[in-house]
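First the structure, in the form of structure tokens, and then the observations on it.
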Amino acid sequence: MDKLYSLSAKSMKELLENKEVSSVEITKSVIDRIEKTDGEIQAYTSYNFDQALQQAAAADEKRAKGETVSELAGIPVAVKDNMCTKNLRTTAGSKMLGNFVPPYNATVVEKLLADGAVIIGKTTMDEFAMGSSGENSAFQVARNPWDTTRVPGGSSSGSAATVAASQVPLALGSDTGGSIRQPACLTGIVGMKPTYGAVSRYGLIAYGSSLDQIGPMARTVDDTAMLFKAICGKDKMDATSKDYTYTPYGDSVKGMKLGLPKEYFGEGISAEVKERIYQAVEVLKAQGAEIVEVSLPSTDYALSAYYIIACAEASSNLGRYDGVKYGFTGSDRSSLENLYVSSRSEGFGEEVQRRILLGTYVLSSGFYDAYYKKAKVLQKVIAKEFDDALKLCDASITPLNPTTAFKIGEKSNDPVAMWAGDICTVTLNIAGLPGINVPCGFDSNNMPVGFQVLGRKFSESTLLTIAKCYENTVGGFAVKEF
């Protein structure tokens, strides 16, 4: 069968169940696709092809014996390179961890392997998940399959690019301030940030521990739900994880109230992005959804609060990389202090150093109350505003990125402009709420546009219902013939 790599995970599952193809055949097709296209896309930092074929063969053997297998058995999945994979290099996109091979798996990886999924490789990312374009990797810059001169977004840049390029049907990303949803938006795929605590963070290399969340990325809503179902739930290794049970999503938005927060549609959002989102809202309205206006007045302050909190936590989390215990060791070993300085100066890139310095500053004596404490107060205010707004509606619809994908290098010398692009995404991480990107067309440059559906805590089934109803109406999302 031709182009097995291009099939959705759901279609692969059906073919496997009907014994029309084998997992080995699917995996070989995916590997061949990656080998032919990844030289240009640069979505992977490490391949796992030999082990992937062994995992595929094991899944085929179980099916041949008539054993009960999971939905993901024999289906290839890519994993962002900040999730630990036993005996497979895990770099977090950094020179600091360039040769780190973990002795254990992250919980999400363990769950995938237990389900018989095929781990195809580790994907390119911004260093320590700090970035919105994929340009901050210590190794390579992933490309947007719709236009390889443009960024795929970040920090889950490789995960988004590999799914959009039909190199693999499913991928895991992580989202600290939009790093699943924003690259999904810029590459025209579905990407969901679950509620904080819905998915275990054990084995995820930390950026901002109170904000980080692992989630699924795929080309269809069904596939996104399939991957989310496999990874969600309580984990004894993560005290912040919740006893969460996956709930199937529905097939109708009739009677739902969908809020449009007026603050998200103001200055800075491109006219084309607004137009596509308003068109999508009309599609849902025609299906019986009621559209109401809501307000989130502290939105303008969210970006400042996010970067203070995230950088403060990054400063603490990245303090462990000192050149002594593991990871990169600096060139100046004449004293312990010089070793620390050289290891961190040579091992961390500019963006990571910038955020560590900012985080250390806001936590320092004399500035803690002025910055960090105020940001934490604002975090509670933003969470309360979301609670109030979501009492008026079942979910809200917003833009996800102010513009479509920009050219590689266009903003790399202006970190403030790059950070400003996160304005539509960081609020959900601050409030711990779930959100999903839904592709909704293209701009005049034929670059993907997406809209965000956000909801109450643990309302993933509602978000998936809205996304699925829109997907059904528009006939599915476009796939790039790359």
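All residue numbers refer to positions in the sequence shown, counting from 1. Quick caveat, the model's predicted, so the values are computed rather than measured.
Note on ring orientation: taking the six-membered ring where Trp is involved, the planes of Tyr361 and Tyr371 are tilted (angle from 30° to 60°). Ring geometry, Tyr47 versus Tyr44: the interplanar angle falls from 30° to 60°, so the pair is classed tilted. The aromatic rings of Phe228 and Tyr246 lie perpendicular to each other, with more than 60° between the two planes, well past the 30° mark.
A donor and an acceptor atom, one from each side chain of Glu385 and Ser298, are located under 3.5 Å apart. Counting only N and O atoms by type, the side chains of Asp81 and Thr45 include a donor and acceptor under 3.5 Å apart.
Between Phe265 and Pro399 there is a side-chain heavy-atom pair separated by less than 4.5 Å. Two residues are said to be in side-chain contact when any heavy atoms from C-beta on lie closer than 4.5 Å; Val190 and Thr220 fail this criterion. Pro183 places none of its side-chain heavy atoms less than 4.5 Å from the side chain of Pro152.
Checked against a 6.0 Å centroid threshold, the rings of Phe128 and Tyr321 count as neighbours. Checked against a 6.0 Å centroid threshold, the rings of Tyr104 and Tyr202 count as neighbours.
Note that CG of Leu400 is 10.0 Å distant from CZ of Phe451, once rounded to the nearest 0.5 Å. Atom CG in Asn48 sits 7.5 Å away from atom CD1 in Ile120 (nearest 0.5 Å).
Nearest heavy-atom pair across Gly177 and Val426 is O-CG1, 3.4 Å.
Contact check on Asp243 versus Lys234 returns no salt bridge, with no Lys/Arg side-chain nitrogen under 4.0 Å from an Asp/Glu carboxylate oxygen. Remark: Asp387 does not engage Lys391 in a salt bridge, criterion side-chain N to carboxylate O under 4.0 Å. Classification of Lys468 and Asp222 as a salt-bridged pair holds, one side-chain N sitting under 4.0 Å from a carboxylate O.
Here side-chain hydrogen bond (donor to acceptor under 3.5 Å, both in side chains) pairs that include residues 126-143, with residues two or more places apart or in two chains, are Ser94-Glu127, Thr124-Gln140, Ser132-Asp422, Ser133-Glu135.
A side-chain contact (heavy atoms from CB on, under 4.5 Å) with Ile214 holds for exactly one of Lys80, Lys193, Met83; it is Met83.
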